[in-house]
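A short write-up of the structure that comes next.
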Amino acid sequence: KQEVTQIPAALSVPEGENLVLNCSFTDSAIYNLQWFRQDPGKGLTSLLLIQSSQREQTSGRLNASLDKSSGRSTLYIAASQPGDSATYLCAVRGSSNTGKLIFGQGTTLQVKP
Amino acid sequence: DTEVTQTPKHLVMGMTNKKSLKCEQHMGHRAMYWYKQKAKKPPELMFVYSYEKLSINESVPSRFSPECPNSSLLNLHLHALQPEDSALYLCASSQELGMGNQPQHFGDGTRLSIL
């Protein structure tokens with residue numbers, strides 16, 4: 001059974017810092033991995049999707065990497081801003097046919113001005 | 001603004017009521033999903049529809065009844081819910097189930113409270 005873990009559960013940093021969020025999964029047979037952002041009381045915003053054959057994806061100040069063999073992904077946020085404060089969730093998709101995503105518990109990020 | 005629209009945003013209902021949650025997308029997506037998210041927990045998949053047909057039911061109690069009347073709409077009919085069903089209900093869509101390189105897009109959810 002696939003299990004997804006995110007460390008740390010919470011993180012507080014001063015504005016301007018570069019930071020890394022971690023995601024690990026127990027079954028390396030994944031189809032893709034997706035990073036989401038969730039603001040309080042809101043839905044999920046898709047940030048980056050990495051297919052199993054890819055090593056990384058970039059969007060603006062965000063860079064996500066994937067090491068499928070070791071069961072790890074990282075989300076790197078450069079030059080953090082207060083507007084980046086949110087909960088970040090990673091989710092793995094184990095099969096192309098079901099669409100089912102298995103989520104980690106999330107990392108709640110606070111960027112202080 | 002999200003491209004997946006859910007209504008209502010908030011719903012309070014008694015255990016004997018019948019209500020429905022609605023989800024709409026106009027991105028031409030053919031896969032649609034219902035997730036349940038309890039406070040401080042990650043979303044958990046409930047149902048998946050592909051081309052308006054139910055593809056996955058994650059052993060969800062029958063008091064939750066999904067419906068996909070057309071390719072743009074997804075409903076979740078609620079009846080005789082329990083207090084533990086209080087949660088944020090999220091709808092999502094993606095281009096097709098078999099296209100793994102396409103992300104799932106989520107709505108803002110309906111926050112449901114059962115009295």
Side-chain angles (χ1 to χ4, degrees), chain A residues 1-7 9-10 21 23-25 29-54 57 59 62 64 66 68 73 75 86-108, chain B residues 1-7 9-10 21 23 25 27 29-51 53-59 87-113:
Chain A
K1 178 185 174 185
Q2 178 75 270
E3 293 183 2
V4 181
T5 303
Q6 291 187 245
I7 295 173
L21 307 181
C23 173
S24 61
F25 45 94
I30 67 168
Y31 198 70
N32 64 40
L33 184 145
Q34 199 166 349
W35 281 94
F36 294 91
R37 168 188 173 136
Q38 186 171 31
D39 293 290
K42 294 288 191 178
L44 279 64
T45 300
S46 179
L47 299 174
L48 291 164
L49 181 146
I50 310 178
Q51 296 184 69
S52 62
S53 59
Q54 296 176 322
Q57 283 285 338
S59 176
L62 305 179
L66 175 65
K68 200 173 72 163
S73 176
L75 180 66
T87 295
Y88 290 81
L89 294 154
C90 72
V92 300
R93 179 171 170 176
S95 164
S96 65
N97 294 325
T98 68
K100 180 176 181 177
L101 296 179
I102 306 294
F103 285 85
Q105 297 287 326
T107 294
T108 298
Chain B
D1 289 342
T2 60
E3 296 170 313
V4 177
T5 304
Q6 292 187 243
T7 55
K9 293 189 184 305
H10 302 276
L21 309 184
C23 173
Q25 57 87 16
M27 295 179 283
H29 289 174
R30 304 314 298 265
M32 296 187 77
Y33 313 79
W34 280 115
Y35 288 84
K36 174 182 178 180
Q37 186 177 25
K38 299 283 283 184
K40 308 291 186 185
K41 297 291 186 182
E44 293 182 338
L45 183 68
M46 299 175 70
F47 302 103
V48 179
Y49 271 83
S50 177
Y51 283 86
K53 290 187 176 5
L54 184 63
S55 178
I56 295 176
N57 177 341
E58 289 285 299
S59 302
L88 181 67
Y89 288 84
L90 294 163
C91 174
S93 71
S94 65
Q95 199 156 357
E96 285 191 22
L97 270 192
M99 296 180 68
N101 62 342
Q102 297 299 317
Q104 291 186 20
H105 298 263
F106 283 76
D108 278 342
T110 293
R111 186 159 300 281
L112 176 65
S113 297

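In what follows, chains are A, B, ... by sequence order, proteins preceding strands, each numbered from 1.
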Could you look at Gln34(A) and say if it's the side chain, the backbone, both or neither that has a heavy atom under 4.5 Å from chain B? side chain

Kindly give the heavy-atom pair with the smallest separation between Gly99(A) and Tyr35(B), and that separation in Å. O-OH, 4.2 Å

Where does Gln104(B) contact chain A at under 4.5 Å (heavy atoms): side chain, backbone, both or neither? both

So does Gln51(A) have more than 12 non-hydrogen atoms from other groups sitting under 6.0 Å from CD? yes

Turns out that what part of Gln54(A) lies under 4.5 Å from chain B's heavy atoms comes down to neither

Can you tell me if Gln6(A) uses its side chain to pair, donor with acceptor, with the backbone of Tyr88(A) under 3.5 Å? yes

Leu48(A) and Ser59(A) have their tightest heavy-atom pair at CD2-CB, 3.5 Å

Residue among Lys9(B), Gln6(B), Glu58(B) with most heavy-atom pairs under 4.5 Å to chain A: Glu58(B)

